[in-house]
Amino acid sequence: MSTYSKDEIIKKLEVAKSEMWKFYSQDFVNYRGKTSDKEGYYYTEIIAKWLLDNIELFNDIKMISRENSYKVDSHDGKIKNEKSGREEEIIAMKLFDFSQNQGKVFDIIGKIIDYQTPLKDIQTDKAGKIDLLAYNENEKTLRILELKKPDSKETMLRCVLEAYTYLKIADKTKLLRDFELPEDTIIKACPFVFVEGEQYKEIQEDRENLKDLIEKLGIEIIYLKEEKGEYVIIKE
């Protein structure tokens, strides 16, 4: 990757702000390392600070009202081809299977109630799918989980922005109704990453702007660990 100065990164941000619904997918959000400036700023810290200073831009992300149900009846957690290469989807299906077919209630997040939840209403809508939905009955909290595989190279900033974008896009009233959850359910956007993965390591470093952005957006980071074929949920 080429190195950029702080000013060059800011210019990229100014161009990208006109389409905030896809801001999280811009290549610069995944830039690692530091700028070419003498001071050597982390790229993600520059971006996080700029977003904090322009926090109102997130209001440009419009909700998509989905006519069909968010709940897809064909989601059964049965893995057809474990060698498909879609590692994140396979992990998501395993977690769903543990909850729905084996009765597993995970610490913190509760029960996984769906995976690959569609956000689009029509084919041309610009929206992805929610990796996992988890509901904690005791807390009356629904979590939108943005899952990353153990060796993912995406930045924590990317995970945060993707999860938050999906939270903004979802028709929350209909989402709760389709899954028969209480109207007063709290809905949170949560990066769902593996302990000791790149995102975990990144957040242990001096990333004050990123941490401030996470707090400002009400993001909750949930960590995942695999032990002997079992998955354990950790929150730090």
Side-chain angles (χ1 to χ4, degrees), residues 1-61 85-89 91-92 119 126-132 144-169 188-224 236:
M1 189 192 83
S2 303
T3 56
Y4 298 92
S5 68
K6 178 180 178 180
D7 288 344
E8 286 173 326
I9 294 296
I10 297 294
K11 286 179 183 177
K12 288 177 181 285
L13 303 180
E14 291 291 344
V15 171
K17 71 180 182 182
S18 62
E19 295 180 300
M20 285 302 292
W21 59 269
K22 68 173 184 179
F23 190 94
Y24 74 87
S25 65
Q26 299 288 348
D27 58 357
F28 55 73
V29 174
N30 267 331
Y31 286 176
R32 292 192 171 275
K34 297 183 177 181
T35 64
S36 58
D37 302 279
K38 182 179 177 182
E39 297 84 355
Y41 306 98
Y42 283 116
Y43 291 116
T44 52
E45 280 294 272
I46 293 170
I47 298 167
K49 178 64 166 64
W50 184 88
L51 287 169
L52 283 165
D53 292 341
N54 296 276
I55 201 75
E56 71 282 352
L57 287 173
F58 287 108
N59 294 328
D60 294 341
I61 302 173
R86 295 184 296 182
E87 189 176 353
E88 283 166 3
E89 186 175 347
I91 294 169
L119 287 169
K126 310 297 184 183
K129 295 180 179 180
I130 297 170
D131 289 330
L132 287 162
I144 291 174
L145 298 169
E146 180 54 34
L147 175 67
K148 298 303 172 188
K149 59 184 181 178
D151 61 352
S152 170
K153 301 303 180 187
E154 293 183 16
T155 61
M156 179 62 88
L157 177 63
R158 155 84 189 223
C159 301
V160 166
L161 295 180
E162 189 169 2
Y164 189 70
T165 298
Y166 289 173
L167 177 66
K168 295 284 286 184
I169 288 173
K188 293 184 178 181
C190 306
F192 195 32
V193 300
F194 277 82
V195 173
E196 302 305 332
E198 291 294 328
Q199 301 83 21
Y200 175 87
K201 293 174 183 175
E202 183 181 346
I203 207 69
Q204 309 305 313
E205 299 172 351
D206 181 23
R207 306 290 177 115
E208 292 308 312
N209 293 333
L210 176 57
K211 291 172 184 175
D212 286 348
L213 182 64
I214 288 168
E215 183 177 357
K216 184 75 174 179
L217 297 179
I219 299 292
E220 180 184 33
I221 299 172
I222 307 291
Y223 295 106
L224 184 62
E236 292 198 349

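Reckoned from all heavy atoms, side chains included, excluding hydrogens, waters and symmetry mates.
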Near E215 CD, under 6.0 Å, is it more than 12 heavy atoms from other residues, nucleotides or ligands?
no

Identify whether the distance between the nearest side-chain nitrogen and carboxylate oxygen of R32 and E202 falls below 4.0 Å.
yes

Evaluate the criterion side-chain contact (heavy atoms from CB on, under 4.5 Å) for residue pair E45 and R207; output intermediate values, then yes/no.
CA-CA 6 Å; E45 280 294 272; R207 306 290 177 115; 3.6 Å; yes

For Y43 and K34, indicate whether the former's side chain and the latter's backbone hold a donor-acceptor pair under 3.5 Å.
yes

Show the numbers, then the answer: is there a side-chain hydrogen bond (donor to acceptor under 3.5 Å, both in side chains) between S152 and Q199?
CA-CA 8 Å; S152 170; Q199 301 83 21; 3.2 Å; yes

Could you check Y42 against Y31 for ring-ring contact (aromatic ring centres under 6.0 Å, His included), going step by step and ending with a plain yes or no?
CA-CA 9 Å; Y42 283 116; Y31 286 176; over 10 Å; no

Check the pair I46 / Y4 against side-chain contact (heavy atoms from CB on, under 4.5 Å), numbers first and verdict last.
CA-CA 12 Å; I46 293 170; Y4 298 92; over 6 Å; no

Of the non-hydrogen atoms in I91 and P150, which two are nearest, and what is the gap between them?
CD1-CD, 3.9 Å

Atom pair CD1 (I130) and CD (E162), whose distance is rounded to the nearest 0.5 Å:
10.5 Å

Measure across M156 and P191 and return the closest heavy-atom pair with its distance rounded to 0.1 Å.
SD-CB, 4.1 Å

Any chance you could lay out the side-chain contact (heavy atoms from CB on, under 4.5 Å) test for I203 and I214, step after step, and finish with the verdict?
CA-CA 11 Å; I203 207 69; I214 288 168; 3.8 Å; yes

Contact summary for D131 and A92, nearest pair of heavy atoms:
O-CB, 4.0 Å

So do the side chains of L167 and I219 get within less than 4.5 Å of each other, counting heavy atoms only?
no

By the definition side-chain hydrogen bond (donor to acceptor under 3.5 Å, both in side chains), identify the one residue from E87, E154, E198 that meets it with K148.
E154

Heavy-atom closest pair (N209 atom, L52 atom, distance to 0.1 Å) is O-CD1, 3.6 Å

Over 60° means perpendicular and under 30° means parallel, so tell me whether F58 and Y164 are parallel, tilted or perpendicular.
perpendicular

Look at atom NZ of K129 and say whether more than 12 heavy atoms of other residues, nucleotides or ligands are closer to it than 6.0 Å.
no

A cation-pi test, strictly: NZ or CZ of K6 under 6.0 Å from the centre of the six-membered ring of Y41 and no more than 45 degrees from its axis. Yes or no?
yes

Could you tell me whether K12 atom NZ has more than 12 heavy atoms of other residues or ligands within 6.0 Å of it?
yes

L51 vs M20 side-chain heavy atoms within contact, under 4.5 Å
yes

Could you tell me the separation between the CD1 atom of I47 and the CG atom of L213, rounded to the nearest 0.5 Å?
10.5 Å

Would you confirm whether E14, through its side chain, and I10, through its main-chain N or O, come within 3.5 Å as a donor-acceptor pair?
no

Can D7 and K11 be counted as an ion pair, charged N to O under 4.0 angstrom?
no

Interatomic distance, S5 atom OG to E39 atom CD [nearest 0.5 angstrom]
11.0 Å

pair W21-K168: side-chain heavy atoms closer than 4.5 Å:
no

Nearest-0.5 Å distance that lies between atom CG in L210 and atom OG1 in T44
6.0 Å

Rounded distance (nearest 0.5 Å) linking atom CG of N30 with atom SG of C159:
8.0 Å

Check against side-chain contact (heavy atoms from CB on, under 4.5 Å), L147 and L224:
CA-CA 9 Å; L147 175 67; L224 184 62; 4.0 Å; yes

Quick check: closest heavy atoms across K149 and E88, and the distance to 0.1 Å?
N-OE2, 3.1 Å

Please round to the nearest 0.5 Å and tell me the distance separating atom CG of L119 and atom CD1 of I144.
7.5 Å

Looking at every non-hydrogen atom in both residues, tell me the closest pair between F23 and V29 and how far apart they are.
O-CG2, 3.4 Å

